[in-house]
**Student:** 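Let me begin by handing over the structure; questions about it come next.
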Amino acid sequence: MSNETGNTEKPWGGRFTEATDAFVEQFTASVEFDQRLYYHDIQGSIAHATMLAKVGVLTDQERDQIIDGLHAVRADIEAGEFEWSVTLEDVHMNIEAKLTERIGLTGKKLHTGRSRNDQVATDIRLYLRDEIDVIAEEITRLQNGMATLALREADTIMPGFTHLQTAQPVTFGHHILAWNEMLQRDFERLADCRKRVNIMPLGAAALAGTTYPIDRDMTADLLGFDRPSYNSLDSVSDRDFAIEFCAFASLVMTHLSRCSEELILWASAQFDFIDLPDRFCTGSSIMPQKKNPDVPELVRGKSGRVTGHLISLLMLMKSQPLAYNKDNQEDKEPLFDVIDTLKGCLKAYGDMVPAIEVKAANMRGAALKGFSTATDLADYLVVKGVAFRDAHEVVGKAVGYGIQEGKDLSEMSLQELQQFSPVIGDDVFDVLTLEGSVNARDHLGGTAPAQVRSAAERVLQGLASR
Ligand code: ARG
């Protein structure tokens, strides 16, 4: 109904007697950021119209008109010929208005039996589901890179650290497979999250359901959802699926941030364990010698941003009464930014990890420092009948001597070693070498090159059958 002062341009303007304040219009609009849901909004509308025709709410002719119109609107958007209007608030009303402009009155029938509340909840789920599938592929690609690198470097020895102090020798392949385990759990979390994303809210309408004889199973089927949701109030208000996704993403970013920290350390002149190809680095405008590991640094930095968005969404939800509240419009920007940021970081890592250049001699040299085989000497004494606590004491003394003399355990003569325990024999040198040390840890999950090779192969096989 139009009147001089009313809000006639708005689909909901009927009961209003004055126009929306210009600032409020801007303030409440979401079209600037939710237009990225256009594809899934149209996908949802096509399924809704198809269902409405099946149950007799629309005629077949009306359905076809609507679907053709929606396809045309989609083509306009994709051709960059769609003018988004802030007056029309959001992606949903923009598309519906354009549909009606194109096909006339029938366009106004599309919204029968639904509300923007169940519509937007459906759109986000459809959109997120597609992004989840892309992200799952990116994780798989990265894991492939990691496992391939691990296989290549199964024999490369480096110092393993605790407290960032040299602890025991490990193989570089083993270290990279530790990264892969983190990503593997992330992948499984994502697959689990997808199950809860893939539930259809459509049919909940504004909050209580609808009086039309809708067939929700049919719409769910058409849209590839596992099933319709079970409670209309929950359907329009719940965003925990998005929170769960952001929690997953925060963990991935936390993992990538840890990897980044290591890459940055390893690429430093002090560690000098790896080289990152120039294409992943930048220089300094003042210090000509610099080659900075920007990609890992940025990934480490972006992890804070993603976790920040997770907290935003948790705070967004925590005080909302049932059912839909406009607060929920604030779910989109954090969610979208998490998706974009995560995809960018996974892409960078997927490209960079296989290109890591390993400086095996430097890693080996570092493992030879810091008494990394001290535990092996203790274990050796235990085998010779010394109690572990006593063995620990003996080796501690030997290390003290080594520090004083500037010698690693493997560099001491038999006589020197025998000062600390008479049970030490010639065979001690088998365990004091780096190879002896890593080869001895030859069990499932251990760092022995043979174990690393079979672990990497198992990972690659698993990835191939995903
Ligand atoms: N733009 C809104 C959102 O993002 C769509 C739903 C609006 N519903 C409403 N009753 N105002 O949540």
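Side-chain atoms are counted along with the backbone in the values below, which use heavy atoms only and exclude waters and symmetry mates. Just so it is clear, the structure is predicted and the values come from calculations on it, not from any experiment.
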**Student:** For Thr28 and Gln329, work out which heavy atoms get closest and say how close.
**Tutor:** O-NE2, 2.8 Å

**Student:** Could you check whether any side-chain heavy atom of Cys345 comes within less than 4.5 Å of a side-chain heavy atom of Val252, counting everything from C-beta outward?
**Tutor:** no

**Student:** Using a 6.0 Å distance limit plus a 45 degree cone around the ring axis, check whether Arg129 lies over the aromatic ring of Phe225.
**Tutor:** yes

**Student:** Hey, could you give me the NE2/OG1 distance between His48 and Thr122, rounded to the nearest 0.5 Å?
**Tutor:** 10.0 Å

**Student:** So Met93 and Trp12, do their side chains get closer than 4.5 Å, heavy atoms only?
**Tutor:** yes

**Student:** Do you know the tightest heavy-atom contact between Asp118 and Ala205?
**Tutor:** OD2-N, 2.8 Å

**Student:** Does Lys109 NZ have over 12 foreign heavy atoms under 6.0 Å away?
**Tutor:** no

**Student:** Are any non-hydrogen side-chain atoms of Asn328 and Val236 less than 4.5 angstrom apart?
**Tutor:** no

**Student:** Do you know the tightest heavy-atom contact between Leu99 and Ile66?
**Tutor:** CD1-O, 3.7 Å

**Student:** Side chains of Leu316 and Leu313: closer than 4.5 Å at any heavy-atom pair?
**Tutor:** yes

**Student:** Please check if the side chain of Ser410 supplies one atom and the backbone of Thr433 the other of a donor-acceptor pair under 3.5 Å.
**Tutor:** no

**Student:** Please answer whether the main-chain N or O of Lys347 pairs with a side-chain N or O of Arg141 as donor and acceptor at a distance below 3.5 Å.
**Tutor:** yes

**Student:** Any donor-acceptor pair under 3.5 Å linking the side chain of Arg441 with the backbone of Val170?
**Tutor:** no

**Student:** Does a side-chain N-to-carboxylate-O contact under 4.0 Å join Lys343 and Glu138?
**Tutor:** no

**Student:** Would Asp226 and Lys195 count as a salt bridge (Lys or Arg N to Asp or Glu O under 4.0 Å) if you check the C-alpha gap in whole Å, the side-chain angles of each, and the deciding distance to 0.1 Å?
**Tutor:** CA-CA 8 Å; Asp226 290 335; Lys195 292 183 208 158; over 6 Å; no

**Student:** Less than 4.5 Å apart, side chain to side chain, heavy atoms only: is that true for Asn117 and Leu207?
**Tutor:** no

**Student:** I need the single residue from Asp192, Val338, Leu342 that forms a side-chain contact (heavy atoms from CB on, under 4.5 Å) with Phe248. Which is it?
**Tutor:** Leu342

**Student:** Just wondering, more than 12 heavy atoms not from Tyr212 lying within 6.0 Å of its OH?
**Tutor:** no

**Student:** Flag yes if more than 12 heavy atoms outside Glu261 fall under 6.0 Å of its CD atom; otherwise flag no.
**Tutor:** yes

**Student:** Yes or no on side-chain contact (heavy atoms from CB on, under 4.5 Å) for Phe187 and Leu463, after CA distance, side-chain angles and deciding distance?
**Tutor:** CA-CA 11 Å; Phe187 182 87; Leu463 295 173; over 6 Å; no

**Student:** Please check: side-chain N/O of Asp34 versus main-chain N/O of Val91, any donor-acceptor pairing under 3.5 Å?
**Tutor:** yes

**Student:** Report yes or no: do His175 and Glu262 form a side-chain donor-acceptor pair below 3.5 Å?
**Tutor:** yes

**Student:** Would you call Lys291 and Asp275 a salt bridge, using N to O less than 4.0 angstrom?
**Tutor:** yes

**Student:** A cation-pi test, strictly: NZ or CZ of Lys98 under 6.0 Å from the centre of the six-membered ring of Phe82 and no more than 45 degrees from its axis. Yes or no?
**Tutor:** yes

**Student:** Are any side-chain N or O atoms of Asp234 and backbone N or O atoms of Tyr230, one a donor and one an acceptor, separated by less than 3.5 Å?
**Tutor:** no

**Student:** For Lys10, which of Glu18, Glu89, Glu25 qualifies under salt bridge (Lys or Arg N to Asp or Glu O under 4.0 Å)?
**Tutor:** Glu25

**Student:** Passes salt bridge (Lys or Arg N to Asp or Glu O under 4.0 Å), Arg364 versus Glu435? Steps please.
**Tutor:** CA-CA 10 Å; Arg364 191 184 167 79; Glu435 282 71 20; 2.6 Å; yes

**Student:** In this structure, which one of Gln43, His92, Arg36 forms a side-chain hydrogen bond (donor to acceptor under 3.5 Å, both in side chains) with Asp123?
**Tutor:** His92

**Student:** Before you tell me yes or no, could you show the steps for Asp351 and Arg279 under salt bridge (Lys or Arg N to Asp or Glu O under 4.0 Å), namely the whole-Å CA-CA distance, both residues' side-chain angles and the distance that decides it to 0.1 Å?
**Tutor:** CA-CA 10 Å; Asp351 293 346; Arg279 62 184 184 280; over 6 Å; no

**Student:** Just do the salt bridge (Lys or Arg N to Asp or Glu O under 4.0 Å) check on Arg194 and Asp133 with the steps written out, would you?
**Tutor:** CA-CA 9 Å; Arg194 191 188 192 281; Asp133 293 343; 2.8 Å; yes

**Student:** As an exercise, state the distance from CD of Glu131 to CD1 of Ile339, rounded to the nearest 0.5 Å.
**Tutor:** 5.0 Å

**Student:** Is the closest side-chain donor-acceptor distance between Gln184 and Glu188 under 3.5 Å?
**Tutor:** yes

**Student:** Could you check if a side-chain atom of Pro354 sits within less than 4.5 angstrom of a side-chain atom of Leu149, using non-hydrogen atoms only?
**Tutor:** no

**Student:** Looking at Ala367, is its backbone amide N or carbonyl O close enough to the side chain of Ser372 to form a donor-acceptor pair, meaning the two atoms are under 3.5 Å apart?
**Tutor:** yes

**Student:** For Asp215 and Thr219, which heavy atoms make the closest approach, and how far apart are they?
**Tutor:** O-OG1, 3.1 Å

**Student:** So, do Phe371 and Thr166 sit near enough that their side-chain heavy atoms are less than 4.5 Å apart?
**Tutor:** no

**Student:** What class does the angle between the rings of Tyr127 and Phe336 fall in, given that below 30° is parallel, 30 to 60° is tilted and above 60° is perpendicular?
**Tutor:** perpendicular

**Student:** Is the Trp84 to Tyr38 ring centre distance short of 6.0 Å?
**Tutor:** no

**Student:** Could you tell me whether the side chain of Leu105 reaches within less than 4.5 Å of the side chain of Thr100, counting heavy atoms only?
**Tutor:** no

**Student:** Can you tell me how far the SG atom of Cys193 sits from the CD1 atom of Ile135, to the nearest 0.5 Å?
**Tutor:** 9.5 Å

**Student:** Give, for atom CD of Gln451 and atom CG of Asp442, the distance between the pair rounded to the nearest 0.5 Å.
**Tutor:** 5.0 Å

**Student:** Would you check if there is a donor-acceptor pair between the side chains of Ser303 and Arg258 at a distance under 3.5 Å?
**Tutor:** no

**Student:** Are side-chain N/O atoms of Gln35 and Asn94 paired as donor and acceptor at under 3.5 Å?
**Tutor:** no

**Student:** Identify the two heavy atoms, one from Asn198 and one from Gly224, that lie closest to each other, and give their separation to 0.1 Å.
**Tutor:** ND2-O, 3.2 Å

**Student:** Could you tell me how the ring of Phe161 sits relative to the ring of Phe271: parallel (under 30°), tilted (30 to 60°) or perpendicular (over 60°)?
**Tutor:** perpendicular

**Student:** Let me see the working for Leu58 and Thr106 under side-chain contact (heavy atoms from CB on, under 4.5 Å), right down to the final yes or no.
**Tutor:** CA-CA 9 Å; Leu58 292 178; Thr106 309; 5.7 Å; no

**Student:** Centre of Phe241's six-membered ring, under 6.0 Å away, within 45 degrees of the axis: is that where NZ or CZ of Arg125 sits?
**Tutor:** yes

**Student:** Testing the basics here: between Pro169 and Thr373, what is the closest heavy-atom pair and its distance to 0.1 Å?
**Tutor:** CG-CG2, 4.0 Å

**Student:** Using a 6.0 Å cut-off, check whether atom NZ of Lys326 has over 12 heavy atoms from anything other than its own residue.
**Tutor:** yes

**Student:** What's the separation between atom CG in Leu256 and atom CG in Leu298, rounded to the nearest 0.5 Å?
**Tutor:** 13.0 Å

**Student:** So for atom CD, which belongs to Gln289, do other residues, nucleotides or ligands contribute more than 12 heavy atoms lying within a distance under 6.0 Å?
**Tutor:** yes

**Student:** What verdict does the side-chain contact (heavy atoms from CB on, under 4.5 Å) test give for His309 and Ser250, after you've listed the backbone C-alpha separation in whole Å, the side-chain angles of each residue and the deciding distance to 0.1 Å?
**Tutor:** CA-CA 9 Å; His309 290 320; Ser250 299; over 6 Å; no

**Student:** As an exercise, state the distance from CG of Leu335 to CG of Asp331, rounded to the nearest 0.5 Å.
**Tutor:** 6.5 Å

**Student:** Output yes when a side-chain donor or acceptor of Asn292 lies under 3.5 Å from a complementary backbone atom of Asp294, and no otherwise.
**Tutor:** no

**Student:** Determine yes or no for a side-chain-to-main-chain donor-acceptor pair under 3.5 angstrom, with Ser232 supplying the side chain and Ala204 the backbone.
**Tutor:** no

